[in-house]
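Numbers here are sequence positions counted from 1.
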Amino acid sequence: MRRLVTLLCVLALAVAASAQSDDELFGGDDDFFGSDDALFGGDDDALFGGGDDDLFADDGIDVVEDVRAKSDLSKGVLFDSGSIKIGGSLDSSLSTSTVLFSPENKSFRDNLSDTILTPKLSAMLSVDARPTETLRFYTKFGLAYPFVSTAATQLQYTDMQLDLSSLPPLPGLSSLAGQSFPVVSGANTSVTDWLKLKELFTDFSVKDTAFFRFGVHTVTWGAGYFFSPVSDMINTSSIDPEHPDAQVDGSLNLRTQIIIPHTQNCLWLYVIPSTDFTNQTASSYARDTALAGKADVVFGGWEFGFGGFYKYQNAPKFMMTATGSLGKASLFGEFVYSHGAASEWKDNPEDWGDKTSIFQATAGLSYYWKEPNITFAAQYYFNGNDIDIPYKWLLSGHNIATMVNFGKIPGMPDFSASLFGMMNFGREELSSDETTAFKAMGLSDSDLQALSGTSLNSTAMLYWSPIKDLKLGLGPSFTFPDFDTDPTVSLKLSFTLGGGKF
């Protein structure tokens, strides 16, 4: 017994000699696990190590076996002291369109030889960082493989002033001077062809009452699906009716949202500074800065918006929006009044009286059947801005767009379908002289059809998905330039190869 006690004492002395206390053995609780400052480095530079190499360096990630951390990472959360969420989408597809019949009466062999296979490989990446509850950083940018395209297949828009002195004296062209025209040009394989900044802004707030956002971001004022003249007041691009889900381009602006206490009403204020910094003085920069405001009011299940837009020596605008429902159908509408056209203010910026009143209005509805997974949307749009030459998707006159999507076809789970149609009418036809002038500027016949006359475009597509990440589409497309001309009938073929959201 005495020997056993002696042995235990020797062992205790040996342990004490190697580590005089539990704190020294494990380095102390604080030293082993670290404080918050030690764990996160006390600042952003220490946390991120100053670069990507330091963040992802070495094999340290493999040591961590935290199930919650893995779960958060799968949801896009990089760290949870605050949070950083990374997400995006990738679009990978091939498409082609073969003309089966056209008024040109070309042979099928010639049309088949003219068929162009168009690849599409693009991605959108977003980073959403929230270091604190009241501060947010967000950026969204797109990448696309720099396919080389020709002048005949890519339409780019440049702000070009029409020089009448270089053209013969044609009737009706005097009103077109000084306006912006779409000009066809080929794409260059430079960085601007495949890298595009979509959004870059920061959010911050004061006492949960006033919320601020500064940077480049899309303004979602409008309620329309295929057309939105209200959103066009601030954004730098318009909705493409054939791809209404694609995000439009925003502008650089400072947004302030003020919430009315104890209500669902709020006020939106915007300062839209000029992005032209060349030879700008303080006074000229202030004149080139635009102001906008909008009030949202909820009443009886409907939301109404009232607002306006003002920029020095530019057309002031007033707008209204309405959204609500009737049964299971969602209804929406917009109205915009502009005092004068852009060309009128450019020609005579000092005179407020000699200006044309321009009206734009739109109304539509959407309906969704959960079973059998059918979505329907339709919208009417009147654009009275026929003084300025519009882009091909900013159609003057009367416009109607409809869409029906069948997410599933009964009895055919691997098949889906979509129907799309758009008609624009009510505009005056371009004269032969004007057509000649525009063709000399590089516009094709299809672009000229979008600038005048009556046109009807419709497409019906049937999709088959034999495996989860592959979808094949096939269907006809009809284009009527006017009611007196035979249509162009094409066969569209598409392949969606993987891709999706992450």
Given side chains that start at C-beta, do those of Met422 and Asn399 come closer than 4.5 Å, heavy atoms only? no

Does Leu117 CG have over 12 foreign heavy atoms under 6.0 Å away? yes

Looking at OG of Ser338 and CH2 of Trp345, how far apart are the two atoms once the value is rounded to the nearest 0.5 Å? 11.0 Å

For residues Phe309 and Trp221, establish whether the separation of their ring centroids is below 6.0 Å. no

Got a list of side-chain donor-acceptor pairs under 3.5 Å for residues 456-468, not counting sequence neighbours?
unit_1: Asn457; atom_1: OD1; unit_2: Thr479; atom_2: OG1; d: 3.4
unit_1: Ser465; atom_1: OG; unit_2: Ile467; atom_2: O; d: 2.7
unit_1: Ser465; atom_1: OG; unit_2: Leu470; atom_2: O; d: 2.9

Who are the side chain to side chain donor-acceptor pair (under 3.5 Å) partners of Lys317, not counting sequence neighbours? none

Please find the pair of heavy atoms, one from Phe226 and one from Met403, that lie closest to each other, and give the distance. CZ-CB, 3.5 Å

Please find the pair of heavy atoms, one from Ser97 and one from Thr115, that lie closest to each other, and give the distance. O-CG2, 3.7 Å

Apply the test side chain to side chain contact (heavy atoms under 4.5 Å, CB included) to residues Asp414 and Ile409: give CA-CA distance (whole Å), side-chain angles for both, the deciding distance (0.1 Å), then the verdict. CA-CA 8 Å; Asp414 296 334; Ile409 296 180; over 6 Å; no

For residues Glu334 and Met319, determine if any side-chain heavy atom of one lies less than 4.5 Å from a side-chain heavy atom of the other. no

Report, one line per pair, each donor and acceptor closer than 3.5 Å where one atom sits in a side chain of residues 88-96; sequence neighbours left out.
unit_1: Asp91; atom_1: OD2; unit_2: Lys120; atom_2: NZ; d: 3.2
unit_1: Ser92; atom_1: OG; unit_2: Leu497; atom_2: O; d: 3.2
unit_1: Thr96; atom_1: OG1; unit_2: Ile116; atom_2: O; d: 3.2

Mark yes when over 12 heavy atoms from residues, nucleotides or ligands other than Lys492 sit less than 6.0 Å from its NZ; otherwise mark no. no

